Amino acid sequence: MSRVIVVGAAQLGPIQRAHTRQDVLKRLMALMAEAASRSCDVVVFPELALTTFFPRWFEPDITTANHFYETQMPSSVTQPLFDQARRLNIAFCLGYAELTADGHRYNTQVLVGKDAKVIAHYRKIHVPGHEHHEPDRPFQHAERYYFEPSQDGFGVWNALGGRIGMMICNDRRWPETYRVMGLKGVEMILCGYNTPLHYAPDPSQDRLQSFHNSLVMQSGAYQNGTWVVGVAKGGCEEGVDSLGDSAIIAPSGEIMAQAQTTDDELLTYACDLDWCNNYKNTLFDFDRYRRPDMYSSITAQRGVVLD
Ligand code: CDV
């Protein structure tokens, strides 16, 4: 059986507030059709790919933001994407805001197989930003108000002939994210993101957004011997410039394909999962070289403790 997955990273340009779900669906379906025509096995869409990045506005009554969330996946609006996936025999990964029947709000990604059946959900674990209105910022990043952090943990699923994991945006900056999945034998991690170029708590980082994005995903890939597929929603959305730079990164840490625009753009690469073993069986042979007894503080403690 082939261990090659042809991946399509379907970067999106901005989604403005006035754009409807139907407007967005057309763009997702066009990118999916292009991915199928380029022989992709799977197409990966960004974080919160159905709406504008609404945590940039603080709504004192959170229920007035309910229309940004999905209460079903698929719904009558998203069903055509599932139908097209089945017709074109292509899997997909899609980020969206989830509102559960019992009132929980998560920043979620779904992985859907070529038969259009849901394989897995992943709910964002590292939720950045702030809980309350911060009027001094030029725009809000109130993800911690709109989403609760998942308690479900990082999953790795047998899918597409390999071991597939998921993470969402800020998760990619944390080495623990990759390592927990690395310890489950992950071979490809799918990651959607929205990264504003301006970081209000420390604007000295603004010029480094592209560098930091590559730095964390390339090192996470290399240190765990896994493919990483990072997919942006970039460009100027409601006056906020966001990073593009979607990339398909090999287990060597090399970038094999990268977006050239900050608009809707599909990049593809034929990813050989067996390449992972070059790293998993040598430098990063975890069973042989790791020293978990030396790392106990990583799970025992949250912040810095000076001893
Ligand atoms: N959507 C995100 O998680 N964005 C964060 C920003 C706020 C730093 C990121 O890590 O890119």
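Just so it is clear, the model here is predicted, and its values are computed rather than measured.
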Before accepting this row, confirm whether a basic side-chain N of the pair [X]/[Y] lies closer than 4.0 Å to the acidic partner's carboxylate O.
{"X": "D41", "Y": "K114", "answer": "yes"}
{"X": "E187", "Y": "K280", "answer": "no"}
{"X": "R137", "Y": "E134", "answer": "yes"}
{"X": "R17", "Y": "E237", "answer": "no"}
{"X": "D23", "Y": "R21", "answer": "no"}

For the atom pair [atom1] ([X]) and [atom2] ([Y]), what is the distance rounded to the nearest 0.5 Å?
{"X": "K233", "Y": "T51", "atom1": "NZ", "atom2": "OG1", "value": "6.0 Å"}
{"X": "N89", "Y": "S39", "atom1": "CG", "atom2": "OG", "value": "11.0 Å"}
{"X": "S75", "Y": "L81", "atom1": "OG", "atom2": "CG", "value": "10.0 Å"}
{"X": "D245", "Y": "M217", "atom1": "CG", "atom2": "CE", "value": "8.0 Å"}
{"X": "R123", "Y": "S150", "atom1": "CZ", "atom2": "OG", "value": "6.5 Å"}
{"X": "C191", "Y": "I249", "atom1": "SG", "atom2": "CD1", "value": "9.0 Å"}

Hydrophobic cluster membership, with links at side-chain heavy-atom distances under 4.5 Å among I/L/V/M/F/W/Y: are [X] and [Y] in one?
{"X": "V229", "Y": "M32", "result": "no"}
{"X": "V4", "Y": "V43", "result": "no"}
{"X": "W174", "Y": "F154", "result": "no"}
{"X": "F147", "Y": "M73", "result": "no"}
{"X": "M29", "Y": "L266", "result": "yes"}

Report yes if the distance between the aromatic ring centroids of [X] and [Y] is under 6.0 Å, otherwise no.
{"X": "Y106", "Y": "Y96", "result": "no"}
{"X": "Y146", "Y": "F54", "result": "yes"}
{"X": "H141", "Y": "Y199", "result": "no"}

Is a side-chain donor-acceptor pair under 3.5 Å present for [Y] with [X]?
{"X": "D285", "Y": "Y279", "result": "no"}
{"X": "N107", "Y": "E47", "result": "yes"}
{"X": "D83", "Y": "Q79", "result": "yes"}
{"X": "E148", "Y": "H104", "result": "yes"}
{"X": "N66", "Y": "R105", "result": "yes"}
{"X": "R172", "Y": "T195", "result": "yes"}
{"X": "D102", "Y": "T100", "result": "yes"}
{"X": "S219", "Y": "Q223", "result": "no"}
{"X": "T52", "Y": "R56", "result": "yes"}
{"X": "H198", "Y": "D206", "result": "yes"}

When you measure from the side chain of [X] to the backbone of [Y], do you find a donor-acceptor pair of N or O atoms at a distance under 3.5 Å?
{"X": "Q11", "Y": "F45", "answer": "no"}
{"X": "R86", "Y": "G113", "answer": "no"}
{"X": "Q218", "Y": "G253", "answer": "yes"}
{"X": "N213", "Y": "Q209", "answer": "no"}

Working for side chain to side chain contact (heavy atoms under 4.5 Å, CB included), residues I255 and I248: CA-CA 6 Å; I255 294 177; I248 300 173; over 6 Å; no
Worked check of side chain to side chain contact (heavy atoms under 4.5 Å, CB included) between V7 and Y269: CA-CA 6 Å; V7 173; Y269 196 79; 5.7 Å; no
Nearest non-hydrogen partners of [X] and [Y], listed with the distance:
{"X": "E59", "Y": "A65", "result": "CG-CB, 4.5 Å"}
{"X": "Q258", "Y": "E265", "result": "O-OE2, 4.3 Å"}
{"X": "D171", "Y": "K124", "result": "OD2-CG, 3.8 Å"}
{"X": "R144", "Y": "E131", "result": "NE-OE2, 2.7 Å"}
{"X": "A247", "Y": "L267", "result": "CA-CD1, 4.0 Å"}
{"X": "T262", "Y": "S242", "result": "CG2-O, 4.4 Å"}

D307 atom CG, over 12 foreign heavy atoms within 6.0 Å: no
Other residues, nucleotides, ligands: >12 heavy atoms within 6.0 Å of Q151 CD: no
[Y] and [X], any side-chain heavy atoms less than 4.5 Å apart:
{"X": "V156", "Y": "V180", "result": "no"}
{"X": "V6", "Y": "C271", "result": "no"}
{"X": "L197", "Y": "L243", "result": "yes"}
{"X": "L111", "Y": "M166", "result": "yes"}
{"X": "I5", "Y": "L273", "result": "yes"}
{"X": "T78", "Y": "L50", "result": "yes"}
{"X": "L48", "Y": "I168", "result": "no"}
{"X": "T226", "Y": "P251", "result": "no"}

For H133, the option from Y145, F139, F58, W57 that meets ring pair (Phe, Tyr, Trp, His ring centres under 6.0 Å): F58
Mutual orientation of the aromatic rings belonging to W275 and W227 [parallel < 30°, tilted 30-60°, perpendicular > 60°]: perpendicular
Trace of the side-chain hydrogen bond (donor to acceptor under 3.5 Å, both in side chains) decision for D152 with Y122: CA-CA 8 Å; D152 299 341; Y122 167 71; over 6 Å; no
Side chain to side chain contact (heavy atoms under 4.5 Å, CB included) evaluation trace for Y295 with R291: CA-CA 7 Å; Y295 314 146; R291 299 289 313 281; 3.9 Å; yes
Evaluation steps, side chain to side chain contact (heavy atoms under 4.5 Å, CB included), between E176 and I298: CA-CA 9 Å; E176 295 87 346; I298 286 182; 4.2 Å; yes
